[in-house]
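Worksheet: the structure to be examined is printed underneath.
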Amino acid sequence: MLFLVAALYLDFGYATYVNNCNKIPKNCIPVMFSDNSNMKTIQEEITSKDMQTVQRYDASGTLESKSGRTVSLIYNLLAVQAIPSNKIHNGMDYFDSDPDGTPGAYFDSFKMIAGRRQFQEDKEIVISEEYCALLGMKARDALGANVVLCYGENTSLFKIVGVFKPLLREKQYNNQYFKNLKENTMNDNTNSEVLVTAFIPQNVMPDEYCVGTDNYVFYPDGKKYRYYKKKIDTLMEKITVNMECVTAEDLKLNKNIEWYNVVKIKMYMLLMLSVLSGISVFGTMFNSISDRRKEIGIKRVVGANDQDILVSLIIENSIVAIVASMMAIYLAAIVSLGYTYYQRQILMNDYCVHLYSSTIILFVLFTFSMVVGFSLIPAYEATQLNVIDALRDES
């Protein structure tokens with residue numbers, strides 16, 4: 001059971017890692033900056049038609065929720081040329097640290113549920129469904145309403161033109177607040193700070209409030225990819241500020257390294273547990289044979305040969321091993337499902353459940369080694385018993 005639980009934990013962790021990597025848009029090289037000063041350098045090197053830019057702004061605000069409580073809002077403002085169709089870098093690395101080191105940990109699936117994603121005027125905003133809940137409105141009812149954004153000593157009024165499904169990171173950040181709200185456990189000491197993600201048009205907010213820039217360099221084929229990769233590598237040598245770049249080679253290498261580590265840990269666990277369990281099985285079976293010396297002697301008298309005794313003992317041990325394996329699978333499944341529930345429902349992580357073939361193969365090898373490898377020597381010793389001595393044994 002210990003091996004199976006640990007192996008499933010590794011499998012699920014790797015599947016989650018791969019899922020996060022897959023959130024990064026295909027045919028795209030994301031380049032992230034924590035400083036907006038080098039934006040022009042990037043735009044000069046890469047043509048605008050092949051690059052989309054998302055600027056992240058810091059803003060705040062307050063509102064009175066439907067319960068009558070004043071809520072402090074922290075805006076995760078993303079200024080875009082065009083809202084993406086299905087995936088977006090959510091900008092949440094500005095608010096919390098990466099929990100798992102995954103390159104795609106801050107990419108989220110994006111889905112509109114009401115209104116439009118295109119901006120027609122400067123003072124328009126697209127908000128999340130969680131923001132609508134704070135306003136006490138349903139998604140479609142919020143369209144056309146106004147919200148106030150505060151940045152520095154300035155304020156601006158924006159009109160809601162679209163609503164999207166909450167981003168996973170936003171839900172994680174606000175999980176405790178909405179849990180307290182639902183359970184009606186809000187009090188004066190409860191944190192009323194809520195993070196809301198919203199999209200606004202570019203060139204609306206002053207540059208001094210920009211806290212970071214994400215650039216998506218799209219490439220149609222391998223030739224273009226190598227061309228842009230070379231340009232970006234050159235830029236990273238020139239620019240000294242904090243700059244992150246995730247390439248196709250990075251993702252492939254990271255996945256390969258993670259998979260190698262997972263398999264290596266499984267092999268070490270298998271070796272260690274096989275030795276420990278093998279010693280236990282060997283001792284148990286040896287004691288069992290010592291207690292059954294007379295029974296084995298009777299079998300020899302009635303005509304059983306060495307092979308018959310050997311096979312019968314191994315079959316008995318096989319049945320015990322199969323029953324133990326079924327119990328291990330059952331208990332490991334309960335533990336794994338409980339941990340999955342904790343990850344998905346409590347921590348609200350995008351936790352994946354996937355069983356890889358290496359776990360099945362290693363588990364079968366582990367069980368087979370218990371049945372055959374550590375049962376063979378005691379079973380063989382049983383075939384070498386002297387019949388007369390065995391029948392005289394009164395134990």
Side-chain angles (χ1 to χ4, degrees), residues 54-80 82-96 106-151 154-184 186 190-202 204-205 209 211-212 348 350:
V54 177
Q55 292 172 296
R56 289 173 277 151
Y57 288 91
D58 185 14
S60 61
T62 58
L63 62 81
E64 188 172 316
S65 66
K66 58 183 179 181
S67 62
R69 186 179 183 84
T70 301
V71 181
S72 300
L73 301 179
I74 303 174
Y75 282 94
N76 175 33
L77 282 181
L78 305 176
V80 296
I83 297 179
S85 57
N86 57 357
K87 293 175 183 176
I88 184 68
H89 186 277
N90 54 38
M92 286 292 291
D93 49 347
Y94 179 69
F95 297 95
D96 62 358
Y106 288 108
F107 282 84
D108 263 320
S109 298
F110 180 84
K111 183 179 180 181
M112 292 289 296
I113 56 177
R116 53 184 166 86
R117 65 175 71 232
Q118 297 84 11
F119 295 117
Q120 297 175 356
E121 299 177 9
D122 286 345
K123 298 295 183 176
E124 292 183 336
I125 190 170
V126 176
I127 65 173
S128 72
E129 192 176 22
E130 285 204 342
Y131 194 179
C132 291
L134 290 171
L135 295 171
M137 301 180 183
K138 293 184 178 180
R140 295 197 178 278
D141 296 336
L143 300 178
N146 293 319
V147 294
V148 177
L149 301 186
C150 303
Y151 47 97
N154 305 309
T155 60
S156 290
L157 193 67
F158 284 77
K159 178 182 177 183
I160 301 172
V161 296
V163 179
F164 60 89
K165 189 176 180 180
L167 302 179
L168 179 62
R169 286 287 185 205
E170 182 181 4
K171 291 174 68 176
Q172 289 172 330
Y173 193 95
N174 299 328
N175 182 37
Q176 190 60 48
Y177 174 84
F178 282 101
K179 183 179 178 182
N180 292 336
L181 190 65
K182 184 178 180 180
E183 296 174 353
N184 198 25
M186 303 290 287
T190 304
N191 183 17
S192 296
E193 192 176 77
V194 177
L195 176 73
V196 289
T197 300
F199 293 90
I200 60 174
Q202 286 190 342
V204 173
M205 298 281 283
Y209 298 104
V211 295
M348 303 191 73
D350 192 7

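- Listed here is the closest heavy atom pair of Glu124 and Glu121: OE1-N, 3.3 Å.
- Rounded to the nearest 0.5 angstrom, Ile127 CD1 and Ile200 CD1 are separated by 13.5 Å.
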Chi angles and distances behind the side chain to side chain contact (heavy atoms under 4.5 Å, CB included) call for Lys123, Val204 = CA-CA 8 Å; Lys123 298 295 183 176; Val204 173; 4.0 Å; yes
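- Across every non-hydrogen atom of Ala139 and Ile113, the tightest pair is CB-CD1, 4.1 Å.
- Minimum heavy-atom separation, Phe199 to Val80: CD2-CG1, 3.9 Å.
- Taking each heavy atom of Leu77 and Ala59 in turn, the nearest pair found is CD1-CB, 3.7 Å.
- To the nearest 0.5 angstrom, Lys138 atom NZ is 10.5 Å from Glu129 atom CD.
- Here the CD-CG distance, from Gln202 to Leu78, works out to 10.5 Å after rounding to the nearest 0.5 Å.
- Between Val196 and Leu134 the shortest heavy-atom distance is CG1-CD1, 4.1 Å.
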Evaluate side chain to side chain contact (heavy atoms under 4.5 Å, CB included) for Leu135 paired with Ile160, printing each intermediate quantity in order.
-> CA-CA 12 Å; Leu135 295 171; Ile160 301 172; 4.1 Å; yes
From CA spacing to verdict: side chain to side chain contact (heavy atoms under 4.5 Å, CB included), Tyr57, Leu149 = CA-CA 11 Å; Tyr57 288 91; Leu149 301 186; over 6 Å; no
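- For Tyr75 and Phe158, the distance between ring centers is not under 6.0 angstrom.
- Remark: Lys171 NZ to Ser128 OG distance equals 10.5 Å, nearest 0.5 Å.
- When every heavy atom of Ala142 is checked against every heavy atom of Cys132, the shortest pair comes out as CB-SG, 3.7 Å.
- Crowding of Arg140 atom CZ: a count of heavy atoms from other residues, nucleotides or ligands under 6.0 Å not exceeding 12.
- Here the CZ-CD1 distance, from Phe119 to Ile125, works out to 8.0 Å after rounding to the nearest 0.5 Å.
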